[in-house]
Amino acid sequence: MGEVDLSQVRPYGDSLDDGLVQLSFTLPVPFGGKAKEAARQLSLGMGLLEPNVVHAADLGEGFSFFVVYARTPCSVDFDTLKADRAAETVMGKTEIELHYLAKFRRKPVILGACIGTDAHTVGIDAIMNMKGYNGHKGLEAYHGLAAVNLGAQVSSEEVVVRARELNADAILVSQVVTQKNIHLANLTRLAELLEAENMREKTVLVVGGPRISHRLAKELGYDAGFGPGTYAEDVATFVVQELERRNFIQWGEEKWKQ
Amino acid sequence: MGEVDLSQVRPYGDSLDDGLVQLSFTLPVPFGGKAKEAARQLSLGMGLLEPNVVHAADLGEGFSFFVVYARTPCSVDFDTLKADRAAETVMGKTEIELHYLAKFRRKPVILGACIGTDAHTVGIDAIMNMKGYNGHKGLEAYHGLAAVNLGAQVSSEEVVVRARELNADAILVSQVVTQKNIHLANLTRLAELLEAENMREKTVLVVGGPRISHRLAKELGYDAGFGPGTYAEDVATFVVQELERRNFIQWGEEKWKQ
Amino acid sequence: MRELARLKLDQDLVDTARTAAAKIVSDLKQHIDAHTTVSVERSALRLLGVDGVNRDGIPLPNVLVEQIQRRGKLGLGAAYWLGNAILASNLPVQPLAEAAGQGRLDITGLADQGEARVQKLVEELAVKALGEIASRRQERELLLRQLGEGPQPYLYVIVATGNIYEDVIQARAAVTQGADIIAVIRSTGQSLLDYVPYGPTTEGFGGTFATQENFRIMRQALDEAGSNAGRYIRLTNYCSGLCMPEIAVMGALERLDMMLNDSMYGIIFRDINMQRTFVDQYFSRLINAYAGIIINTGEDNYLTTADAVEEAHAVLASQFINEQFAFLSGMQPDQVGLGHAFEINPELEDGFLLELAQAQLVRQIFPGSPVKYMPPTKFMTGNIFRGQVQDALFNAASILTGQSIHLLGMLTEGIHTPLVMDRALSIENARYVFRTMRHLGEEISFRPGGRIETRAGQVLARAVTLLEEIAAAGLMQAIGRGVFAGIARTPSGGKGLDGVIAKEPGYYNPFPARMLAGRGSYGRG
Amino acid sequence: MRELARLKLDQDLVDTARTAAAKIVSDLKQHIDAHTTVSVERSALRLLGVDGVNRDGIPLPNVLVEQIQRRGKLGLGAAYWLGNAILASNLPVQPLAEAAGQGRLDITGLADQGEARVQKLVEELAVKALGEIASRRQERELLLRQLGEGPQPYLYVIVATGNIYEDVIQARAAVTQGADIIAVIRSTGQSLLDYVPYGPTTEGFGGTFATQENFRIMRQALDEAGSNAGRYIRLTNYCSGLCMPEIAVMGALERLDMMLNDSMYGIIFRDINMQRTFVDQYFSRLINAYAGIIINTGEDNYLTTADAVEEAHAVLASQFINEQFAFLSGMQPDQVGLGHAFEINPELEDGFLLELAQAQLVRQIFPGSPVKYMPPTKFMTGNIFRGQVQDALFNAASILTGQSIHLLGMLTEGIHTPLVMDRALSIENARYVFRTMRHLGEEISFRPGGRIETRAGQVLARAVTLLEEIAAAGLMQAIGRGVFAGIARTPSGGKGLDGVIAKEPGYYNPFPARMLAGRGSYGRG
Ligand code: B12
Ligand code: B12
Ligand SMILES: Cc1ncc(COP(=O)(O)O)c(C=O)c1O
Ligand SMILES: Cc1ncc(COP(=O)(O)O)c(C=O)c1O
């Protein structure tokens, strides 16, 4: 292929800039020639070129399913993009312990929970628990940190109560179930509660989960967000740097009691 | 779900009008966080809402692959659409024989071929040969028709020569290989040759193949196009009606000699 | 039909395992017999005819049971108080319940009508309720005879839109596509509600609320779709969580055919108190048994959390325990759908062999019981194309080992609850694999002493050891040590303990005895 | 490693089949020995050092052979005329060829230098050429020792962009993804060209032109990629069509490792004249044999056209014939990659069992030969999601029956030549299935007398009958009756007959004897 023009990157099927994309979708229309035409028109309507409806199937009850290949004229300017992540570079556990935790004058307290009715513990456990995930130790294994995992199905109210009790410096919440955007409701509620309790400023607030991105987290008023494949060190790097940046020592041991 | 508004049909994932579509594509950019962001930005650029990059993989050599789910705000007006097909209703073999072929004063001559270097005979054989396809007899089995199948790898020049020799009333060509749009070149060439030989007017010119649509055929100056799953009766219905419409009898037995 | 390939297993070990499981369960019988729960009592009221909600939307069974509990009188059984109140007030059941629901009447505060009279009345109502359930059961049998059913493995798909009306549409489409069983998945969080929502609902998350009206709506839709499709379509829901027995009542009355119903799932995965769960599950299974409902146990869930290779023996041990709990409630073996799942890491060499070993092991150890075979979920990712392959191998394992209840894997399992096309693609996947491999299981045999047989023997041996440990420690204590799925729960921890009530002398509930009557027991205890 | 499951087959039938095939082939040997073709002669020239194109882009081997043919002197062999001209003109090979190519010299018009002198010179050039090929072969062996190779089944993928430079990129990516073998698919139509295009090319349709320069470019890229990946990557192209022997030369010189090279494919699927093909294939295989190249025969193509269940015996018969043709050219069994394909209709009940029977049958009948196992193509549709499942079952059949050359199925087979991601998805599919089922074949056995074994026996019996019919009629006549893929061709029909020339007394070609020297023959004729 010729040189890739990184300022105008297009999908690549089998030749540079051919713009090929595959898509599939269902339309709530009865199967047949008209349905296929609808799939084609929809693809054109979406700005795709030369749409090829390569498969059409009757799903019953007035639904039709399609597979389409088409070309998009769109491109992205790769050069100007930035990866959507909380910390530019990630440090290892030992590095974090040596360069940050050993130097802090008190152990930061980190609270973890999977909130709402969400019962998926595996994700938050992967981050918090000693054992960790895929051979990457969890926060409980970090020297110089006090990590407390509340587990799953924890209400936002309880998170706030426990954070106050334990004088948490960071709150790490997990959200796995996202159907009908229930996670947005849960996350917004927690952020509002902390705000209302005047606790937001002195808390590093982090969320993670398979459908979470840093960008989404920022939009929701969180300090950072972590998606699939996160390890404890990813979030630890961010948290310690953020704590240092905010000079959390001066928050004091009993910051909520003041 | 509520009533489907057929004037504004949107993709259906699990609720009416959620607009959900799945897509996948490759970008010629090195794998990583920036690549994922590129996939997301491209989706946004394509006018999709809430794009969710659910899978990203390193294909090596500076390629990254993505699976995305997103919502499209686009819709189609189903009511106004028409199926893209040559004949509105299709008649059966006997019906065609009784209502058309038996009444014609001479046997229409139908020539079939898979043109260019395309060696896929199965499609054209399915339409032309006695045996047919999926239990649907081919044109050779039709009483009152003279069907001649030239097979595959036939040059456009040869098609023209044989059409003249046999006084063909209809030419049915097949194109299966479409890579780099070779079929467009082949088909255009045949149409131009016929035009140049002044044979186009007195020929019903039809093309078929897995990537052929009626619309594409019309764009290329053909009378009709047939896609996957076509049976002989589909094309026969169109051809006999078209022959009758054009009053082919008056073309005479030796129409090219005039 | 010829026999499928079989593994040589040590039958003595199987017997030992079953004996240990029977002991574990019978040790708990004492606790079960000595206690009732708010949900058991609400179930009794529901069976006796209490239905509906009060002005605040609180279900009347809850209002009544709370009233009785507040007065500290639940130890005698809600049935007793209801019967007494009916006699005392001279009101029929529902108006009485409504009066109590509006606070116009305290059902424990009325004049005592005498045990004999009360019981006579309640027994009449109970007979009516059980007759109702029995006719639902006959209806099912009739329809099955009339319509027939799809071949096994049954294709089991879920609907989970959160909206019962969307669910209906998707379920109907699934039936057209070939589904045999439709499971309506519940909204997250319902299991922790100590009441059952009421009426048709359209707002769930990750699933649709289980309400009696939702059951009815879906049952009707599936009867229609099944009659069009020419086969009986089974309906499944979750008899699980804090309202386990009440949902059993609803399912029995609305002719559900299957219920996810595990003796320990709520404890382990929902942190529901175990004293509560053991009592609830017993009563819920009595009802399911009586209604001819097939239960699906939840061992598959262990494998989504713990490692499938390492924890295989725990799955088997749990199946033995679930079996004995089911027998205790009078279930027939063919009502006990045991949970298993295709959850071995795709990265593991020969993982499919280990999976065959396990799937075959379960078939042979519980020959009279169907397995609810769950698809890969844990290792499903956003790579939907690889997902199709994982599901295809799962389908192959199922047909090779002759499973019966086959929960279809969705290519989008790692992403979202199924879209309408996901279900169609997965049905197509399964039908193709089943068709093209239909009799493969009959045509092969496993090498004696080979990798597959050896693995099966090891899992069995480890399960025996585990069961004997549990039998020695007691189930509650063993769960406290995290023997299942690596999750530990304590006897007094978790949700719902305040709903456990010690029965008092004179405790009255007309149902258990009637439900168990005439049923042979398969237990060993 | 343990033995894989085996079928009980009637060895007598296998022997009968092989004897009939040997007769069929030896009957044709007479025709082969009596004729040469323009392409065989061009190959000889190429081996002797003629390369390049003239001003009109016509390859010099073509120009020279046409010159000789025009004078009616090709019956003596181009090697003879070349040798004579070198001696007469005192020019080295290439300048001489260029002079002839520019029309400045007529190589048949020079003074006769005497057979002995000519042959002496030509033999020297021939030895040099064969030395060149031998060192390519040693290079391969060395690299294989140094780098090792992937485990079997080898993952074989195609690149087909039409542009050699894009092909290189995609091939390198495929290697990163795990491919062991890269096949560069040819542009449609190249097989009907009676010359080999020259230089690097970027404009093919459905594939990339096979040119020596393209071979070189890809070879170099794969050597690099293989050395990065730590395993030797095999390169494959098409030794097929009107220039079959010339492509063999190019492949031998550029260290290709495999070649699609069938004794009848061109006849049946490209309508190439059969008298031509039989001569061409013989010479091409001599070269492939000498170069240590593994050929892939084309029986898979029968199944894409005719029905896989009904025509299974024709596939087997053709494999026997291809084997004997290969032996005739001095090939070792391990160089004979026999074509087979997973092409049974997915709608057929127990189709997978029939497929296992066939795949296993071929393994057992040709134990020393690898099978080039082709994926589903005919029943692949635009439904890419179902495609992944079809390919998964193909992968399963391959690992179960211990195949070696595994051509990966693409989910988009029904739509287009592979996109860069299609290849990655299909490699992932195969690796997963192979890994998770790695030793399954050792752990199962087939039921004696069961559906699978019975089917295999029937196919074998029918193949014997067919081979005996063909032996009786003669292969050319039998093809005229359409015994393979239902396609009939006549001895004088098809393209390229004008390139067949009867050898004259004194015909000279230094290669066949040298190439065959010292090779044990496996034939039976
Ligand atoms: C295991 C599992 C379960 C188990 C959970 C057991 C347990 N103790 O956790 C059980 C069986 C109980 C279960 C139940 C249900 N589940 Co579930 N479950 C899964 C499954 C198979 C795997 C999830 C998992 O463990 N992943 C592994 C972990 C390590 O990954 P992770 O969670 O993404 O976490 C990583 C990152 O996201 C990140 N991360 C996560 N949290 C956090 C937090 C912080 C602070 C940070 C920094 C990082 C971080 O780091 C982690 C490590 O890298 C997924 C499907 C799948 N393949 O993903 C469905 C899935 C998540 N479940 C789903 C659903 C709907 C349910 C139910 C609601 C279904 C129902 N109605 O009954 C129930 C109810 C649960 C409830 N009330 O919440 C859906 C969610 C759909 C959606 N997007 O909304 C999924 C996607 C399946 C599906 N396709 O339907 N489930
Ligand atoms: C069989 C087959 C072959 C056989 C052909 C044997 C033969 N005698 O025909 C063999 C093995 C020889 C072959 C070779 C090649 N093939 Co091929 N082949 C296929 C395959 C597997 C099936 C095609 C088929 O027979 N379909 C069944 C028939 C009945 O369907 P159909 O052709 O669509 O015809 C129907 C309709 O389209 C319509 N129709 C068709 N023609 C006409 C004409 C008229 C007038 C009408 C009315 C209707 C009509 O009616 C028919 C009946 O319903 C497809 C993959 C696939 N699954 O589709 C690849 C495929 C078509 N082949 C392909 C390629 C690239 C090749 C090669 C060029 C590869 C190569 N470089 O070596 C070669 C060379 C062939 C050449 N020179 O043309 C590509 C084409 C890609 C593209 N879109 O450009 C495909 C899609 C595979 C792939 N993914 O790469 N092939
Ligand atoms: C036995 C059992 N009960 C219940 C559930 C569902 O959970 P919930 O109780 O939250 O509806 C499952 C999960 O699949 C299960 O296996
Ligand atoms: C043996 C053989 N030769 C050649 C080809 C390719 O065709 P062509 O000769 O047109 O390149 C094939 C098709 O796959 C084949 O199997």
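Convention: sequence-line order gives letters A, B, ...; per-chain numbering from 1. Any value given below was found using the heavy atoms of this structure, including those in side chains, with hydrogens, waters and symmetry copies removed.
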Nearest 0.5 Å please: distance from the [atom1] atom of [X] over to the [atom2] atom of [Y].
| X | Y | atom1 | atom2 | answer |
| --- | --- | --- | --- | --- |
| A:S155 | C:L192 | OG | CG | 11.5 Å |
| A:H120 | C:T304 | NE2 | OG1 | 8.0 Å |
| C:D422 | A:T26 | CG | OG1 | 8.0 Å |
| A:T178 | C:F205 | OG1 | CZ | 11.5 Å |
| A:F63 | C:M421 | CZ | CE | 11.0 Å |
| C:R172 | A:L59 | CZ | CG | 15.0 Å |

| Is the backbone of C:I169 close enough, under 3.5 Å, to the side chain of A:E61 for a donor and an acceptor to pair up by distance? | no
| query | For the side chain of A:Q153 and the backbone of C:R270, is there at least one donor-acceptor N/O pair under 3.5 Å apart? | reply | yes
| task | Might you work through the side-chain contact (heavy atoms from CB on, under 4.5 Å) test for A:R211 and C:I415, ending with a clear yes or no? | result | CA-CA 8 Å; A:R211 297 277 85 80; C:I415 310 168; 3.8 Å; yes
| request: Might you point out which heavy atoms bring A:G60 and C:A173 nearest each other, and give the distance in Å? | output: O-CB, 4.2 Å
| field | C:E349 atom CD, over 12 foreign heavy atoms within 6.0 Å | value | yes
| What do you reckon, is CD of A:E157 surrounded by more than 12 foreign heavy atoms closer than 6.0 Å? | yes
| said: Just so I know, are the side chains of A:D118 and C:T188 near enough to count as touching, which here means a heavy-atom distance under 4.5 Å? | reply: no
| query | Where on C:L425 is there a heavy atom nearer than 4.5 Å to chain A: the side chain, the backbone, both, or neither? | reply | side chain
